[in-house]
Amino acid sequence: MTELHVHLDGSVRPGTVYELARRQGVETGITGLYRMPKKDAIDALSKKMTAPASCRDLNDYLECFRLPLSVLQEEDAIERVAMELGEDLVKDGVTKAEIRFAPLSFCTKHLTPKDAIRACERGVRTAMRQNPDLTLSLIICCMRGQEESPFVKSDRADLSGKEVNFRLLDLVAELKNDVVKAVDLAGAEALYPTERYLPLFAHAARLGLPFTIHAGEAAGASSVRAAVDAGTTRIGHGVRVIENRLLAELLAKKKITLECCLLSNFQTNVFSRREDHPIRRLFDLGVRVTLNTDNRTVSGTNMQKEIETAQRMFGFTDAEIRRMQEYAEEALF
Ligand SMILES: [Zn+2]
(Lines give C-alpha, C1' and ligand atoms only; values in the text may rest on other atoms or scores of the structure.)
Protein backbone atom coordinates (compact mmCIF):
# COMPACT_ATOMS: atom_id res chain seq x y z
CA MET A 1 0.00 0.00 0.00
CA THR A 2 0.89 3.62 -0.44
CA GLU A 3 0.30 6.43 2.03
CA LEU A 4 0.73 10.10 1.17
CA HIS A 5 -0.19 11.90 4.37
CA VAL A 6 1.22 10.92 7.76
CA HIS A 7 2.71 13.31 10.32
CA LEU A 8 5.75 12.11 12.25
CA ASP A 9 4.93 13.86 15.54
CA GLY A 10 1.34 12.53 15.50
CA SER A 11 2.53 8.97 14.95
CA VAL A 12 4.98 8.34 17.80
CA ARG A 13 4.71 5.12 19.83
CA PRO A 14 3.61 5.83 23.43
CA GLY A 15 6.22 3.33 24.65
CA THR A 16 8.92 5.38 22.97
CA VAL A 17 7.65 8.59 24.56
CA TYR A 18 7.87 6.82 27.91
CA GLU A 19 11.51 5.91 27.39
CA LEU A 20 12.53 9.25 25.88
CA ALA A 21 10.75 11.33 28.54
CA ARG A 22 12.39 9.32 31.27
CA ARG A 23 15.85 9.59 29.76
CA GLN A 24 15.53 13.29 28.93
CA GLY A 25 13.86 14.18 32.24
CA VAL A 26 10.90 15.72 30.40
CA GLU A 27 7.82 16.54 32.46
CA THR A 28 4.86 14.49 31.19
CA GLY A 29 2.13 15.98 33.36
CA ILE A 30 1.29 12.52 34.77
CA THR A 31 2.01 12.26 38.49
CA GLY A 32 3.91 9.18 39.61
CA LEU A 33 4.38 7.92 36.05
CA TYR A 34 7.59 6.04 36.75
CA ARG A 35 6.21 4.44 39.91
CA MET A 36 3.42 2.77 37.93
CA PRO A 37 3.90 -0.63 36.29
CA LYS A 38 5.39 0.18 32.86
CA LYS A 39 2.33 -1.07 30.99
CA ASP A 40 -0.01 1.20 32.96
CA ALA A 41 2.35 4.14 32.47
CA ILE A 42 2.39 3.59 28.70
CA ASP A 43 -1.42 3.32 28.69
CA ALA A 44 -1.62 6.63 30.54
CA LEU A 45 0.72 8.27 28.02
CA SER A 46 -1.21 6.75 25.14
CA LYS A 47 -4.40 8.30 26.49
CA LYS A 48 -2.76 11.71 26.60
CA MET A 49 -1.50 11.31 23.01
CA THR A 50 -4.77 10.16 21.44
CA ALA A 51 -7.58 12.59 20.69
CA PRO A 52 -11.16 11.69 21.65
CA ALA A 53 -13.39 10.30 18.87
CA SER A 54 -14.96 13.73 18.70
CA CYS A 55 -13.00 16.71 20.02
CA ARG A 56 -14.65 19.68 21.72
CA ASP A 57 -12.42 21.96 19.71
CA LEU A 58 -9.17 21.99 17.82
CA ASN A 59 -7.23 22.59 21.05
CA ASP A 60 -8.33 19.17 22.29
CA TYR A 61 -6.71 17.71 19.19
CA LEU A 62 -3.57 19.84 19.22
CA GLU A 63 -2.99 19.11 22.91
CA CYS A 64 -2.15 15.52 21.92
CA PHE A 65 0.97 16.68 20.07
CA ARG A 66 2.43 18.46 23.05
CA LEU A 67 3.91 15.38 24.73
CA PRO A 68 5.55 13.80 21.66
CA LEU A 69 6.94 17.19 20.61
CA SER A 70 8.42 17.70 24.06
CA VAL A 71 10.66 14.63 23.59
CA LEU A 72 11.50 15.34 19.95
CA GLN A 73 13.93 18.17 20.63
CA GLU A 74 16.97 15.88 20.34
CA GLU A 75 18.47 14.40 17.18
CA ASP A 76 18.65 10.81 18.43
CA ALA A 77 14.97 10.96 19.44
CA ILE A 78 13.87 12.21 16.00
CA GLU A 79 15.98 9.57 14.30
CA ARG A 80 14.48 6.84 16.45
CA VAL A 81 10.82 7.80 15.95
CA ALA A 82 11.34 8.16 12.19
CA MET A 83 12.83 4.67 12.05
CA GLU A 84 10.02 3.25 14.21
CA LEU A 85 7.35 4.87 12.06
CA GLY A 86 8.90 3.07 9.09
CA GLU A 87 8.62 -0.23 11.01
CA ASP A 88 5.00 0.51 11.97
CA LEU A 89 4.10 1.29 8.37
CA VAL A 90 5.57 -2.03 7.25
CA LYS A 91 3.50 -3.85 9.90
CA ASP A 92 0.45 -2.02 8.56
CA GLY A 93 1.13 -3.29 5.02
CA VAL A 94 2.40 0.07 3.72
CA THR A 95 5.41 -0.18 1.42
CA LYS A 96 5.53 3.39 0.09
CA ALA A 97 4.97 6.41 2.28
CA GLU A 98 5.73 10.08 2.49
CA ILE A 99 6.28 11.16 6.08
CA ARG A 100 5.86 14.84 6.92
CA PHE A 101 6.90 17.04 9.78
CA ALA A 102 7.54 20.69 10.63
CA PRO A 103 11.24 20.96 11.58
CA LEU A 104 10.65 24.25 13.38
CA SER A 105 8.56 22.35 15.96
CA PHE A 106 11.68 20.36 16.85
CA CYS A 107 13.79 23.46 17.42
CA THR A 108 12.55 24.79 20.75
CA LYS A 109 15.73 23.80 22.58
CA HIS A 110 18.97 23.68 20.65
CA LEU A 111 18.39 22.00 17.28
CA THR A 112 18.43 23.84 14.00
CA PRO A 113 15.96 22.92 11.22
CA LYS A 114 18.87 21.34 9.34
CA ASP A 115 19.70 19.09 12.33
CA ALA A 116 16.04 18.05 12.54
CA ILE A 117 15.70 17.23 8.85
CA ARG A 118 18.99 15.32 8.77
CA ALA A 119 18.05 13.31 11.88
CA CYS A 120 14.72 12.34 10.37
CA GLU A 121 16.41 11.42 7.11
CA ARG A 122 18.84 9.13 8.95
CA GLY A 123 15.90 7.41 10.67
CA VAL A 124 13.98 6.71 7.48
CA ARG A 125 17.13 5.51 5.72
CA THR A 126 17.72 3.01 8.54
CA ALA A 127 14.11 1.82 8.26
CA MET A 128 14.56 1.32 4.53
CA ARG A 129 17.84 -0.56 5.02
CA GLN A 130 16.11 -2.90 7.45
CA ASN A 131 13.04 -3.34 5.22
CA PRO A 132 14.19 -3.55 1.60
CA ASP A 133 10.60 -3.43 0.29
CA LEU A 134 9.95 -0.10 1.98
CA THR A 135 10.31 3.24 0.21
CA LEU A 136 10.03 6.36 2.35
CA SER A 137 10.43 10.02 1.63
CA LEU A 138 10.00 13.24 3.56
CA ILE A 139 7.75 16.24 3.11
CA ILE A 140 8.89 19.29 5.08
CA CYS A 141 6.05 21.40 6.49
CA CYS A 142 6.06 25.18 6.73
CA MET A 143 3.78 26.43 9.50
CA ARG A 144 1.00 28.96 9.02
CA GLY A 145 1.49 31.95 11.29
CA GLN A 146 5.15 31.16 11.95
CA GLU A 147 6.04 34.45 10.30
CA GLU A 148 3.99 36.32 12.91
CA SER A 149 4.46 34.39 16.11
CA PRO A 150 8.01 33.27 16.67
CA PHE A 151 6.99 30.54 19.12
CA VAL A 152 10.21 28.82 18.28
CA LYS A 153 13.26 29.89 20.22
CA SER A 154 16.46 28.11 19.52
CA ASP A 155 19.78 29.26 20.80
CA ARG A 156 21.44 28.14 17.56
CA ALA A 157 19.07 29.39 14.91
CA ASP A 158 17.07 32.49 14.21
CA LEU A 159 13.64 31.11 13.46
CA SER A 160 11.56 34.23 13.63
CA GLY A 161 10.60 36.95 11.22
CA LYS A 162 8.52 37.38 8.12
CA GLU A 163 10.89 35.36 5.96
CA VAL A 164 11.09 32.29 8.19
CA ASN A 165 9.08 29.97 5.91
CA PHE A 166 10.95 31.25 2.85
CA ARG A 167 14.26 30.42 4.54
CA LEU A 168 12.96 26.95 5.35
CA LEU A 169 12.21 26.40 1.66
CA ASP A 170 15.75 27.53 0.79
CA LEU A 171 17.07 24.97 3.26
CA VAL A 172 14.92 22.17 1.78
CA ALA A 173 16.18 23.09 -1.70
CA GLU A 174 19.72 22.74 -0.37
CA LEU A 175 19.05 19.36 1.28
CA LYS A 176 16.81 17.92 -1.44
CA ASN A 177 17.68 14.36 -2.46
CA ASP A 178 16.05 10.97 -2.99
CA VAL A 179 14.49 11.14 0.51
CA VAL A 180 13.96 14.85 1.22
CA LYS A 181 11.56 15.56 -1.60
CA ALA A 182 8.85 18.13 -1.13
CA VAL A 183 7.21 20.79 1.04
CA ASP A 184 3.84 21.46 2.60
CA LEU A 185 1.97 24.13 4.52
CA ALA A 186 0.31 23.07 7.79
CA GLY A 187 -1.21 24.78 10.83
CA ALA A 188 -4.19 26.98 11.62
CA GLU A 189 -5.91 27.25 8.25
CA ALA A 190 -8.87 29.24 9.55
CA LEU A 191 -6.64 31.89 11.16
CA TYR A 192 -4.07 32.17 8.39
CA PRO A 193 -5.78 31.92 5.01
CA THR A 194 -4.11 29.98 2.20
CA GLU A 195 -4.28 33.07 -0.08
CA ARG A 196 -1.65 34.72 2.10
CA TYR A 197 0.87 32.02 1.21
CA LEU A 198 0.74 32.29 -2.57
CA PRO A 199 4.16 34.06 -2.64
CA LEU A 200 5.60 31.21 -0.54
CA PHE A 201 4.53 28.63 -3.11
CA ALA A 202 5.76 30.81 -5.95
CA HIS A 203 9.12 30.62 -4.16
CA ALA A 204 8.82 26.81 -3.87
CA ALA A 205 8.14 26.65 -7.61
CA ARG A 206 11.17 28.88 -8.32
CA LEU A 207 13.31 26.50 -6.27
CA GLY A 208 11.89 23.48 -8.11
CA LEU A 209 10.34 22.05 -4.94
CA PRO A 210 7.19 19.96 -5.41
CA PHE A 211 4.50 20.78 -2.86
CA THR A 212 1.19 19.88 -1.30
CA ILE A 213 -0.94 22.21 0.84
CA HIS A 214 -3.25 21.52 3.78
CA ALA A 215 -6.48 23.21 2.64
CA GLY A 216 -10.22 22.68 2.79
CA GLU A 217 -10.16 21.17 6.28
CA ALA A 218 -10.67 23.99 8.83
CA ALA A 219 -11.51 26.46 6.06
CA GLY A 220 -13.85 26.11 3.11
CA ALA A 221 -13.74 25.95 -0.67
CA SER A 222 -12.00 29.35 -1.03
CA SER A 223 -8.97 27.83 0.68
CA VAL A 224 -8.98 24.97 -1.84
CA ARG A 225 -9.31 27.54 -4.63
CA ALA A 226 -6.20 29.33 -3.32
CA ALA A 227 -4.28 26.04 -3.24
CA VAL A 228 -5.25 25.41 -6.86
CA ASP A 229 -4.19 28.97 -7.74
CA ALA A 230 -0.84 28.25 -6.09
CA GLY A 231 -0.39 25.48 -8.67
CA THR A 232 -0.58 22.52 -6.32
CA THR A 233 -0.98 18.99 -7.65
CA ARG A 234 -2.02 17.63 -4.25
CA ILE A 235 -4.09 18.93 -1.34
CA GLY A 236 -4.00 17.76 2.27
CA HIS A 237 -7.64 16.96 3.12
CA GLY A 238 -9.33 19.28 0.59
CA VAL A 239 -12.70 17.74 1.41
CA ARG A 240 -14.53 21.02 1.98
CA VAL A 241 -14.23 21.59 -1.76
CA ILE A 242 -17.65 19.91 -1.74
CA GLU A 243 -19.02 23.38 -0.84
CA ASN A 244 -18.32 24.41 -4.44
CA ARG A 245 -19.35 21.84 -7.01
CA LEU A 246 -17.66 23.60 -9.93
CA LEU A 247 -14.38 23.70 -8.07
CA ALA A 248 -14.71 19.99 -7.24
CA GLU A 249 -15.17 19.32 -10.94
CA LEU A 250 -12.10 21.41 -11.66
CA LEU A 251 -10.06 19.25 -9.24
CA ALA A 252 -11.20 16.18 -11.15
CA LYS A 253 -10.32 17.76 -14.49
CA LYS A 254 -6.90 18.91 -13.30
CA LYS A 255 -6.24 15.48 -11.72
CA ILE A 256 -5.41 17.08 -8.37
CA THR A 257 -5.08 14.43 -5.66
CA LEU A 258 -6.81 14.85 -2.29
CA GLU A 259 -5.06 13.31 0.70
CA CYS A 260 -8.17 12.39 2.71
CA CYS A 261 -7.97 11.34 6.36
CA LEU A 262 -11.37 10.10 7.54
CA LEU A 263 -10.81 9.39 11.22
CA SER A 264 -8.92 12.64 11.72
CA ASN A 265 -11.78 14.57 10.08
CA PHE A 266 -14.26 12.85 12.40
CA GLN A 267 -12.21 13.82 15.46
CA THR A 268 -11.97 17.48 14.50
CA ASN A 269 -15.61 17.64 13.39
CA VAL A 270 -14.92 18.91 9.88
CA PHE A 271 -18.52 17.89 9.11
CA SER A 272 -21.07 17.94 11.88
CA ARG A 273 -22.33 14.46 11.00
CA ARG A 274 -19.88 11.74 10.01
CA GLU A 275 -22.19 10.46 7.32
CA ASP A 276 -21.98 13.91 5.68
CA HIS A 277 -18.32 13.35 4.87
CA PRO A 278 -18.10 13.88 1.10
CA ILE A 279 -15.45 11.29 0.24
CA ARG A 280 -17.94 9.16 -1.66
CA ARG A 281 -19.44 12.11 -3.54
CA LEU A 282 -15.99 13.40 -4.47
CA PHE A 283 -14.88 9.98 -5.68
CA ASP A 284 -18.02 9.67 -7.79
CA LEU A 285 -17.33 13.11 -9.31
CA GLY A 286 -14.00 11.73 -10.47
CA VAL A 287 -11.86 13.58 -7.92
CA ARG A 288 -8.70 11.64 -7.09
CA VAL A 289 -9.31 10.92 -3.43
CA THR A 290 -6.89 8.78 -1.43
CA LEU A 291 -6.98 7.26 2.05
CA ASN A 292 -4.43 8.28 4.68
CA THR A 293 -4.01 8.21 8.44
CA ASP A 294 -2.86 11.81 9.13
CA ASN A 295 -1.69 10.91 12.65
CA ARG A 296 -1.50 7.26 13.58
CA THR A 297 -1.26 7.81 17.35
CA VAL A 298 -3.29 11.01 17.76
CA SER A 299 -6.09 9.60 15.62
CA GLY A 300 -5.67 6.04 16.94
CA THR A 301 -5.67 4.72 13.42
CA ASN A 302 -3.79 2.87 10.69
CA MET A 303 -4.40 2.25 6.99
CA GLN A 304 -6.42 -0.90 7.66
CA LYS A 305 -8.81 1.08 9.85
CA GLU A 306 -9.15 3.88 7.30
CA ILE A 307 -9.97 1.37 4.56
CA GLU A 308 -12.40 -0.49 6.78
CA THR A 309 -14.14 2.80 7.68
CA ALA A 310 -14.36 3.89 4.04
CA GLN A 311 -15.92 0.53 3.10
CA ARG A 312 -18.32 0.31 6.03
CA MET A 313 -19.54 3.91 6.07
CA PHE A 314 -19.33 4.90 2.43
CA GLY A 315 -19.71 1.57 0.64
CA PHE A 316 -16.40 1.56 -1.22
CA THR A 317 -15.78 -1.76 -2.95
CA ASP A 318 -12.41 -3.52 -3.02
CA ALA A 319 -11.99 -2.38 -6.63
CA GLU A 320 -12.66 1.23 -5.64
CA ILE A 321 -10.14 1.00 -2.80
CA ARG A 322 -7.61 -0.31 -5.33
CA ARG A 323 -8.43 2.68 -7.55
CA MET A 324 -7.67 5.04 -4.67
CA GLN A 325 -4.40 3.21 -4.15
CA GLU A 326 -3.56 3.81 -7.83
CA TYR A 327 -4.31 7.51 -7.36
CA ALA A 328 -1.95 7.56 -4.36
CA GLU A 329 0.77 5.74 -6.27
CA GLU A 330 0.53 8.17 -9.18
CA ALA A 331 0.64 11.19 -6.86
CA LEU A 332 3.88 10.24 -5.05
CA PHE A 333 6.52 12.97 -5.23
ZN1 LIG B 1 -2.19 16.70 8.08
Side-chain angles (χ1 to χ4, degrees), residues 2-12 49-51 55 57-66 68-69 72 81-82 85 88-89 94 97-106 120 136-146 165 168 181-194 197 201 210-220 223-224 226-227 230 232-241 256-271 277 279 289-303 305-306 309 328 331-333:
T2 298
E3 177 167 19
L4 302 176
H5 192 128
V6 54
H7 292 261
L8 181 69
D9 50 329
S11 306
V12 183
M49 293 165 63
T50 306
C55 296
D57 52 37
L58 196 61
N59 282 343
D60 250 12
Y61 191 78
L62 295 179
E63 187 58 30
C64 300
F65 292 86
R66 197 206 288 245
L69 280 175
L72 289 175
V81 300
L85 177 53
D88 292 345
L89 286 162
V94 177
E98 293 175 340
I99 296 171
R100 65 184 75 196
F101 67 102
L104 298 179
S105 314
F106 301 159
C120 193
L136 297 174
S137 53
L138 297 176
I139 300 175
I140 310 302
C141 303
C142 294
M143 291 304 287
R144 293 173 192 265
Q146 181 71 29
N165 279 325
L168 182 59
K181 282 203 176 155
V183 292
D184 175 31
L185 177 65
E189 184 191 2
L191 288 179
Y192 301 96
T194 305
Y197 297 91
F201 288 101
F211 57 86
T212 177
I213 304 178
H214 277 77
E217 178 193 19
S223 184
V224 175
T232 199
T233 54
R234 287 172 37 178
I235 298 177
H237 300 287
V239 285
R240 284 184 59 188
V241 72
I256 290 174
T257 303
L258 297 191
E259 305 154 4
C260 296
C261 312
L262 287 174
L263 271 75
S264 164
N265 286 172
F266 294 164
Q267 286 175 312
T268 57
N269 301 306
V270 176
F271 301 94
H277 196 286
I279 190 165
V289 296
T290 61
L291 296 175
N292 304 275
T293 58
D294 207 8
N295 295 292
R296 297 169 60 91
T297 307
V298 173
S299 292
T301 189
N302 57 36
M303 282 296 281
K305 264 196 191 179
E306 297 290 332
T309 305
L332 282 164
F333 287 128

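Quick note: numbers below take in every heavy atom, side chains included, and nothing from hydrogens, waters or symmetry partners. In listed order, ligands and their atoms are each counted from 1.
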Look at the aromatic rings of F101 and F106 and report parallel, tilted or perpendicular, splitting at 30° and 60°.
parallel
Short side-chain to backbone donor-acceptor contact, K305 and G300, under 3.5 Å:
yes
Those residues that, when tested against T257, pass side-chain contact (heavy atoms from CB on, under 4.5 Å) (two or more places apart):
L4, R234, R288, T290, A331
Check: D184 side chain, C142 main-chain N or O, donor-acceptor pair, under 3.5 Å:
no
Protein N/O/S neighbour count - the Zn ion (ligand 1), strictly under 2.8 Å
4
Applying side-chain hydrogen bond (donor to acceptor under 3.5 Å, both in side chains) to T301 and T293, what does each step give before you reach the verdict?
CA-CA 6 Å; T301 189; T293 58; over 6 Å; no
Does a donor on one side chain sit under 3.5 Å from an acceptor on the other, for N165 and Y197?
no
